[in-house]
Amino acid sequence: LCQAMSFRGVWVVAPGHTAISARGLAAAPTTVLYSRRFPTVERRAQRAWAVLSASVVASATATSSSADQDGSRADASIRGASPVPGGDGDEGSMGSLPASDDEWCEAVLRAVNRRKASGELQSCDVDMAAPLYRVDGGFWPVLVTARNGLLFVTLPNVETSVPQKEIADTVHIPAVSVGVALLQALCSVYFQAAESSRVAELRRFITAELPFGTPLSLSPTVTNSVLGMKQPSKLPTVALPAWKPVLHKGRQVVVMHIKEQVTAVQYDQEDVADVCRIFGTVQCKADVEGVPDVSVTLQSKVPVHDITTHPRAQAGAGDAACKLQFSPPLELFDLCSYKMVEDASFLPIRAFYQMAKAGANSVQLLVQLKLHKNVPNHFEFCDLRIPFYGGRRIVSHESQPTTGTVDADQRGLSWQIGPKFPARSLEVMLRATVNFDPKEILAPEPDDDPFCTDQTSCAMLRFRIPDYTVSGVSFDASSLSVFPPAKAKLQITRELATCEYRIWNSRGKYRACPPIPTLDPPQPDTA
């Protein structure tokens with residue numbers, strides 16, 4: 001699938017922004033950190049546009065009489081950054097990329113900013129294809145991924161004609177899915193490298209895995225293995241798969257990392273039930289020789305459901321035990337994922353949060369946290385964040401935590417609880433008074449929540465507990481099997497971490513989903 005796709009260019013852009021300094025407002029210009037164009041793909045795109053334009057004109061001429069009657073237009077378009085016939089003002093353009101990278105990236109930024117300004121990302125009526133943009137000049141689809149303040153941009157070349165009514169159905173455009181995978185690989189390569197060599201590593205990856213604009217592999221691990229291997233003294237006797245072009249030599253180890261994440265919402269309200277959902281992911285890194293098949297049995301202390309596996313893996317049936325068979329690639333991959341039965345009675349940390357006004361420009365708050373008795377009392381980290389929205393700027397605070405430290409910035413409080421709760425009570429508490437500036441209003445930020453004003457407030461809890469999972473999912477070391485037969489050791493690590501842990505102020509408003517009504521089953525007709 002990857003080799004059937006091609007891309008007209010790749011860009012990494014640092015968007016311009018307005019910074020506040022001692023001298024006032026200063027505008028930082030947009031900077032193109034890296035760009036790579038593929039002329040061969042560009043020429044193919046122009047030829048495809050010329051052929052499609054001729055066919056569209058011929059079709060429109062042949063159907064002109066019917067088009068005049070019903071006012072319709074030729075139902076055809078070109079996907080792949082060429083203008084869409086019938087688009088708004090895009091007719092007549094050849095869809096050639098601007099010669100200047102700065103000009104092109106400014107056009108991309110305008111498209112991104114238009115979507116932000118129009119609020120499309122918050123609309124429930126818009127297709128959730130956030131990376132997909134239409135750029136001035138008829139360029140579509142343009143794929144953009146934002147990561148750590150940078151924009152990674154690519155331009156797929158799709159040479160097929162598609163009916164206009166199907167343009168929104170991006171699921172059936174292979175170039176879009178491959179382009180998103182390419183951007184994810186570029187982000188991984190860029191940010192995993194040292195800061196001084198990020199552009200060099202990106203250039204190295206694209207040269208090796210995107211020759212002439214056609215991707216060979218989208219795995220940075222495979223690329224590094226191929227580029228780093230020594231020249232073999234003799235050719236391999238068997239053909240190696242493209243996803244594992246380099247074979248492992250040395251100690252054979254299969255590492256399983258079980259990561260469970262908890263999503264919880266606590267209200268402290270009689271008419272609304274708390275929510276607690278736990279789901280897990282098993283990541284696997286198998287250093288085994290050859291291209292073997294590996295099987296191992298997954299076990300759990302409590303039932304898990306909705307087990308989904310990697311495309312290279314298969315899962316057998318079973319409630320308490322499930323056999324997994326797979327052919328491991330070189331890199332770390334998600335072997336499977338699962339869910340636990342939702343149970344609001346079990347919360348790793350039970351929380352209580354109250355906030356009330358103490359004056360025109362101050363509030364008092366109380367937070368109480370209690371660790372569940374069955375959860376280990378050791379954290380890699382545990383902290384609580386209480387944001388204050390609405391533009392109110394914090395000028396001072398008085399905090400009294402029973403453990404840990406409290407820091408404040410202009411927009412909220414941060415409580416670093418520490419690695420442990422008190423051993424006897426397993427409870428911690430924070431009392432605080434926060435004072436706001438009565439005049440100054442801060443500029444809104446992208447993550448501001450317009451719902452949270454006045455006493456409508458929530459606290460966000462983050463923690464990570466190593467060597468523990470709620471479900472007790474593990475693997476039976478004796479069940480590890482490698483074929484062709486080989487001796488391999490099984491290593492297991494585990495952790496429990498928060499995905500989103502929200503505590504609403506019990507004295508304010510809150511968001512909650514109403515329970516789904518259950519319908520009584522139809523009664524048999526006794527007449």
Side-chain angles (χ1 to χ4, degrees), residues 5-19 21 25-46 80-83 93-117 130-158 175-176 178-215 218 220 223 446:
M5 301 296 105
S6 57
F7 298 87
R8 296 169 67 174
V10 173
W11 297 265
V12 181
V13 185
H17 61 279
T18 301
S21 63
L25 296 179
T30 298
T31 305
V32 181
L33 302 179
Y34 177 81
S35 69
R36 175 69 181 273
R37 303 189 184 206
F38 302 98
T40 54
V41 182
E42 183 69 18
R43 286 194 291 270
R44 288 208 315 267
Q46 297 308 314
S82 294
S93 170
M94 292 302 293
S96 299
L97 282 171
S100 170
D101 286 329
D102 293 334
E103 182 182 350
W104 162 250
C105 292
E106 287 292 348
V108 173
L109 286 175
R110 286 195 298 271
V112 174
N113 292 332
R114 275 198 304 268
R115 179 175 293 182
K116 290 182 179 180
L132 205 61
Y133 292 86
R134 183 186 298 275
V135 176
D136 294 339
F139 297 99
W140 190 91
V142 178
L143 300 175
V144 181
T145 294
R147 184 76 62 86
N148 294 344
L150 301 182
L151 296 182
F152 292 77
V153 185
T154 188
L155 190 56
N157 176 42
V158 186
V176 172
V178 176
V180 171
L182 172 63
L183 293 180
Q184 291 176 347
L186 296 181
C187 293
S188 177
V189 171
Y190 187 86
F191 289 110
Q192 287 180 3
E195 188 172 356
S196 59
S197 61
R198 285 176 172 176
V199 174
E201 287 295 324
L202 201 62
R203 184 182 295 110
R204 177 173 175 263
F205 174 79
I206 291 177
T207 301
E209 297 298 347
L210 205 66
F212 305 105
T214 301
L218 298 179
T223 303

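Residue numbers run from 1 in the order of the sequence given.
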Show every donor-acceptor pair shorter than 3.5 Å between a side-chain atom in residues 103-111 and any protein atom, with sequence neighbours excluded, or say none if there are none.
unit_1 : atom_1 : unit_2 : atom_2 : d
Glu106 : OE2    : Thr30  : OG1    : 3.4

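Contact between Arg37 and Ala99 at its shortest, heavy atoms only, is NH2-O, 3.7 Å. Taking every heavy atom of both residues into account, Arg134 and Arg114 meet most closely at O-NH2, 3.7 Å. Looking at every heavy atom in both residues, Ala175 comes nearest to Pro156 through CB-CB, 3.7 Å. Pairing each heavy atom of Gly213 with each of Val41, the nearest pair is CA-CG2, 4.1 Å. The two residues Leu143 and Gly179 come nearest to each other via the heavy atoms CD1-CA, 3.5 Å.
Listed for the Thr154 side chain is a donor-acceptor partner under 3.5 Å among the backbone atoms of Gly9.
A salt bridge is absent between Glu201 and Arg198; no separation between the charged side-chain nitrogens and carboxylate oxygens falls under 4.0 Å.
Rounded to the nearest 0.5 angstrom, Leu151 CG and Thr145 OG1 are separated by 9.0 Å. Between the CG atom of Leu202 and the CZ atom of Phe191 there is a distance of 10.0 Å, given to the nearest 0.5 Å. Separating the CZ atom in Phe38 from the CG atom in Leu210 is a distance of 4.0 Å, to the nearest 0.5 Å. The line from CG of Asp101 to CG of Leu33 is 11.5 Å long, rounded to the nearest 0.5 Å. Between the OG atom of Ser188 and the CG atom of Leu183 there is a distance of 12.5 Å, given to the nearest 0.5 Å.
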- Given the rule in the side chain to side chain contact (heavy atoms under 4.5 Å, CB included) test, do Phe139 and Leu97 qualify, once you have shown the distances and angles that lead to the verdict? CA-CA 9 Å; Phe139 297 99; Leu97 282 171; 4.1 Å; yes
- Could you walk me through whether Phe7 and Val178 pass the side chain to side chain contact (heavy atoms under 4.5 Å, CB included) test, one step at a time? CA-CA 10 Å; Phe7 298 87; Val178 176; 3.9 Å; yes
- Query: Can you check side chain to side chain contact (heavy atoms under 4.5 Å, CB included) on Leu155 and Trp11, steps first, answer last?
  - Reply: CA-CA 9 Å; Leu155 190 56; Trp11 297 265; 4.1 Å; yes
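Evaluation of the side-chain hydrogen bond (donor to acceptor under 3.5 Å, both in side chains) rule for Arg43 yields no partner, not counting sequence neighbours. For the ring-ring contact (aromatic ring centres under 6.0 Å, His included) test, no residue two or more places apart in sequence or in another chain qualifies with Tyr34.
Paired with Phe152 under the rule side chain to side chain contact (heavy atoms under 4.5 Å, CB included), one option of Leu186, Val144, Val13 passes, and it is Leu186.
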